[in-house]
Novice: 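One structure, as structure tokens, below. Some questions next.
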Amino acid sequence: MTNPGNAPPKRKRSDIFSADEIAALTARSDLMGWRAVLFTWGVIALCFVALARWPHPLTWLLVILVLGGRQLSLAILMHDASHSTLFKSRRLNELVGDYACGSAIGVDLRRYRRHHLQHHVKTGTPEDTDRSLAAPFPTTPASLARKLLRDMAGISGLKRELGLLLMNAGVLRWTVASDVERLPQAGRTWRKRLGDLVRNSWKYWLFQALLLGVLAASGHAWLYLAWLAAYFTTYSLYMRIRSMAEHGCTEQSTDMLRNTRTTRAGLLARATVAPLRVNFHIEHHLMPAVPYFRLQATHRLLRARGLCAEPPGYLDVLALMCKAAA
């Protein structure tokens with residue numbers, strides 16, 4: 001979807017909200033930050049306990065479904081920390097967001113921030129760093145089904161892990177989108193590539209080793225297989241659906257009310273594809289300084305002022321994505 005050349009300029013938050021409203025909506029809370037981090041890891045721990053106690057195939061299925069949502073929650077926590085909205089202090093955002101959240105899913109907070117802030121600046125333009133995530137849509141039902149099946153089969157997860165390996169080694173340009181850009185390798189030895197790989201991956205490897213070590217110390221090292229299974233399957237699936245909902249089939253313009261989508265999320269969606277109110281994406285793009293627990297209040301103000309319609313649900317979004325391109 002494109003917008004003609006007479007598209008309105010990017011909206012300023014001061015055009016929509018008063019100074020008092022901005023101050024109230026952007027107020028951060030260490031209590032709410034810790035609550036989100038501890039709840040996410042608490043659910044992960046409960047998943048491991050449940051599977052250790054009842055290692056039934058149905059328990060495996062349920063745990064993998066839930067763990068994928070909590071891994072996405074860790075990604076959102078890291079995302080919020082990159083905007084310095086998870087905690088009041090920048091240092092706490094950096095430490096917790098990087099070591100307790102991003103490292104668990106292989107994403108370095110500082111590299112992510114450089115990439116992601118360009119997405120905010122260039123949303124709806126050809127220079128958008130996340131454009132490739134929404135570019136394939138709309139597509140046919142068969143094409144969408146193949147994408148979702150690749151996610152659940154672990155193929156997308158394996159490609160993501162291989163891409164992370166090559167990005168950390170300095171072979172590919174770093175991104176969390178679908179772009180693949182090979183970097184110049186003239187003069188770069190295998191020793192240099194290995195050094196870059198270790199330097200960029202050590203936090204990720206250390207976290208995985210610690211998680212495996214804790215599970216082994218409990219006498220259930222095999223539970224790590226559930227973490228990996230979710231990481232390669234449901235986490236990939238939930239990330240794709242979330243990305244489609246946020247920018248898929250939206251207008252290619254600089255108007256944040258048109259180039260971004262807010263999606264209605266019930267309990268099931270919040271447990272899987274929309275943790276930490278990430279479904280309120282228009283609100284996040286309008287004012288990235290709003291912490292997760294105030295996004296819904298921001299949405300209510302937009303609705304009250306007639307700037308935001310009743311959002312679609314995730315099933316509505318999937319239906320929109322699989323309309324055949326005209």
Novice: Is there a side-chain contact between Met244 and Leu133, using heavy atoms and a 4.5 Å cut-off?
Specialist: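 They are not in contact (no side-chain heavy atoms under 4.5 Å apart), so the answer is no.
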Novice: Measure from the side-chain N and O atoms of Thr272 to the backbone N and O of Leu268, and report whether any donor-acceptor pair falls under 3.5 Å.
Specialist: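 Such a contact is found between Thr272 side chain and Leu268 backbone.
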Novice: Do Tyr224 and Gln208 have side-chain heavy atoms sitting under 4.5 Å apart?
Specialist: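 Of all side-chain heavy-atom pairs linking Gln208 with Tyr224, at least one is under 4.5 Å.
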Novice: Let me have the donor-acceptor pairs involving side chains of residues 51-60, under 3.5 Å, with sequence neighbours excluded, atom names and distances please.
Specialist:
residue, atom, partner, partner atom, Å
His56, ND1, Leu58, N, 3.0
Thr59, OG1, Trp54, O, 2.8

Novice: Quick one: does any side-chain atom of Thr233 pair with a main-chain N or O of Ala229 as donor and acceptor, under 3.5 Å?
Specialist: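 Confirmed, Thr233 side chain pairs with Ala229 backbone.
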Novice: Under a 4.0 Å N-O cut-off, is there an ion pair linking Arg258 with Asp255?
Specialist: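 Judged by the 4.0 Å cut-off on N to carboxylate O distance, Arg258 and Asp255 do form a salt bridge.
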Novice: Do Phe87 and Trp34 have side chains that get closer than 4.5 Å, going by heavy atoms?
Specialist: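 Heavy-atom side-chain distance check passes, below 4.5 Å.
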Novice: Following the transitive rule for hydrophobic clusters with a side-chain heavy-atom cut-off under 4.5 Å over Ile, Leu, Val, Met, Phe, Trp and Tyr, establish whether Val43 and Leu72 coincide in one cluster.
Specialist: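 No; Leu72 is not reachable from Val43 via cluster members.
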Novice: Is there a salt bridge (charged side-chain N to carboxylate O under 4.0 Å, His left out) between Asp128 and Arg131 once you walk through the steps?
Specialist: CA-CA 5 Å; Asp128 185 352; Arg131 181 173 180 148; over 6 Å; no
Novice: What about His119 and His115, are their ring centers closer than 6.0 Å?
Specialist: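 No, too far apart.
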Novice: So, the side chain of Asp30 versus the backbone of Lys88: is there a donor-acceptor pair under 3.5 Å, distance only?
Specialist: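 Here the side-chain-to-backbone pair exists.
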Novice: Do Glu246 and Arg261 make a side-chain contact, defined as non-hydrogen atoms from C-beta onward lying under 4.5 Å apart?
Specialist: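 Not in contact.
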Novice: Taking Ser218 for the side chain and Leu215 for the main chain, is one N or O donor matched with an acceptor at less than 3.5 Å?
Specialist: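 Yes.
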Novice: Where the side chain of Ser29 meets the backbone of Met32, is there a donor-acceptor pair that is under 3.5 Å apart?
Specialist: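 Yes, Ser29 side chain to Met32 backbone: donor-acceptor pair under 3.5 Å.
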Novice: Do Leu158 and Leu172 belong together in a cluster built from hydrophobic side chains that touch within less than 4.5 Å?
Specialist: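 Yes, Leu158 connects to Leu172 through the hydrophobic network.
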Novice: Output yes when Glu94 and Arg113 qualify as a salt bridge under the 4.0 Å nitrogen-oxygen rule, no when they do not.
Specialist: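 Arg113 and Glu94: salt-bridged.
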Novice: In Å and rounded to the nearest 0.5 Å, what is the CG to OH distance from Asp98 to Tyr112?
Specialist: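 Answer rounded to 0.5 Å: 13.0 Å.
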Novice: State, yes or no, whether a side-chain contact exists between Thr263 and Phe280 at a heavy-atom distance under 4.5 Å.
Specialist: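 The answer is no, as the side chains (C-beta and beyond) never meet within the 4.5 Å cut-off.
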Novice: So, does Tyr238 use its side chain to make a donor-acceptor pair with the main chain of Leu65 at under 3.5 Å?
Specialist: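 At least one qualifying donor-acceptor pair exists.
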Novice: Do any pairs count as a salt bridge (Lys or Arg N to Asp or Glu O under 4.0 Å) and have a residue in residues 291-318, sequence neighbours left out, and if so which ones?
Specialist: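 Qualifying pairs: Glu21-Arg305, Arg264-Glu310, Arg264-Asp316, Arg303-Glu310.
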Novice: Answer with yes or no whether the hydrophobic clustering places Leu164 together with Leu237; edges join I, L, V, M, F, W, Y residues whose side-chain heavy atoms lie under 4.5 Å apart.
Specialist: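 Yes, one cluster joins them.
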Novice: Within this structure, what is the CZ-OG distance for the pair Arg28 and Ser89, rounded to the nearest 0.5 Å?
Specialist: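 It comes to 8.0 Å.
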Novice: Could you tell me which residues satisfy salt bridge (Lys or Arg N to Asp or Glu O under 4.0 Å) with Lys192, sequence neighbours excluded, listed by chain and number?
Specialist: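 Result, salt bridge (Lys or Arg N to Asp or Glu O under 4.0 Å) vs Lys192: Asp196.
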Novice: Which value, rounded to the nearest 0.5 Å, describes the distance between Arg70 atom CZ and Ile76 atom CD1?
Specialist: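 Going from CZ on Arg70 over to CD1 on Ile76, the span is 10.0 Å.
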Novice: Please find out if less than 6.0 Å separates the ring center of His281 from that of His299.
Specialist: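 Ring-ring flag for His281/His299: false, centres at least 6.0 Å apart.
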Novice: Near Arg35 CZ, under 6.0 Å, is it more than 12 heavy atoms from other residues, nucleotides or ligands?
Specialist: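 No - once you tally the heavy atoms of other residues, nucleotides and ligands closer than 6.0 Å, there are 12 at most.
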Novice: Taking the side chain from Gln71 and the backbone from Thr234, do they hold a donor-acceptor pair closer than 3.5 Å?
Specialist: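 Pair absent, no side-chain N/O of Gln71 close to backbone of Thr234.
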Novice: Could you give the distance from OG (Ser18) to CZ (Arg13), rounded to the nearest 0.5 Å?
Specialist: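 Answer rounded to 0.5 Å: 11.5 Å.
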Novice: Between the main-chain N or O of Thr140 and the side-chain N or O of Ser143, is there a donor-acceptor pair closer than 3.5 Å?
Specialist: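 No: the side chain of Ser143 does not pair with the backbone of Thr140.
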Novice: Taking a hydrophobic cluster as the set of Ile, Leu, Val, Met, Phe, Trp and Tyr residues connected by side-chain heavy atoms closer than 4.5 Å, whether directly or through intermediates, do Ile16 and Met256 fall within one such cluster?
Specialist: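 Ile16 clusters together with Met256.
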Novice: Is it true that a side-chain atom of Ser132 and a backbone atom of Ser178 form a donor plus acceptor pair closer than 3.5 Å?
Specialist: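 Such a contact is found between Ser132 side chain and Ser178 backbone.
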Novice: Between the main-chain N or O of Leu197 and the side-chain N or O of Asn168, is there a donor-acceptor pair closer than 3.5 Å?
Specialist: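 No; judged by distance alone, with no hydrogens or angles, the pair does not exist.
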Novice: Can you tell me how far apart CD (Glu161) and OG (Ser156) are? Round to the nearest 0.5 Å.
Specialist: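 Answer for the CD-OG pair, Glu161 versus Ser156, is 13.0 Å.
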Novice: Identify whether Leu223 and Trp227 are in the same connected component of the hydrophobic contact network (ILVMFWY, side-chain heavy atoms under 4.5 Å).
Specialist: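 Yes, same cluster.
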Novice: Distance to the ring centre below 6.0 angstrom and angle to the axis at most 45 degrees; does that hold for Arg160 and Tyr231?
Specialist: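 Arg160 over Tyr231 ring: yes.
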Novice: Where do Cys249 and Phe137 come nearest, in terms of heavy atoms and distance?
Specialist: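 So the minimum-distance heavy-atom pair works out to SG-C, 3.8 Å.
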Novice: So do the side chains of Leu109 and Tyr99 get within less than 4.5 Å of each other, counting heavy atoms only?
Specialist: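 Not in contact.
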Novice: Any side-chain heavy atom of Leu77 within less than 4.5 Å of one from Asp80?
Specialist: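 Of all side-chain heavy-atom pairs linking Asp80 with Leu77, none is under 4.5 Å.
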Novice: Measure the spacing between OG of Ser243 and CG of Asp130 and express it to the nearest 0.5 Å.
Specialist: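 If I round to the nearest 0.5 Å, the distance is 7.5 Å.
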Novice: Heavy atoms, side chains only, cut-off 4.5 Å: are Thr123 and His247 in contact?
Specialist: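 They are in contact (side-chain heavy atoms under 4.5 Å apart), so the answer is yes.
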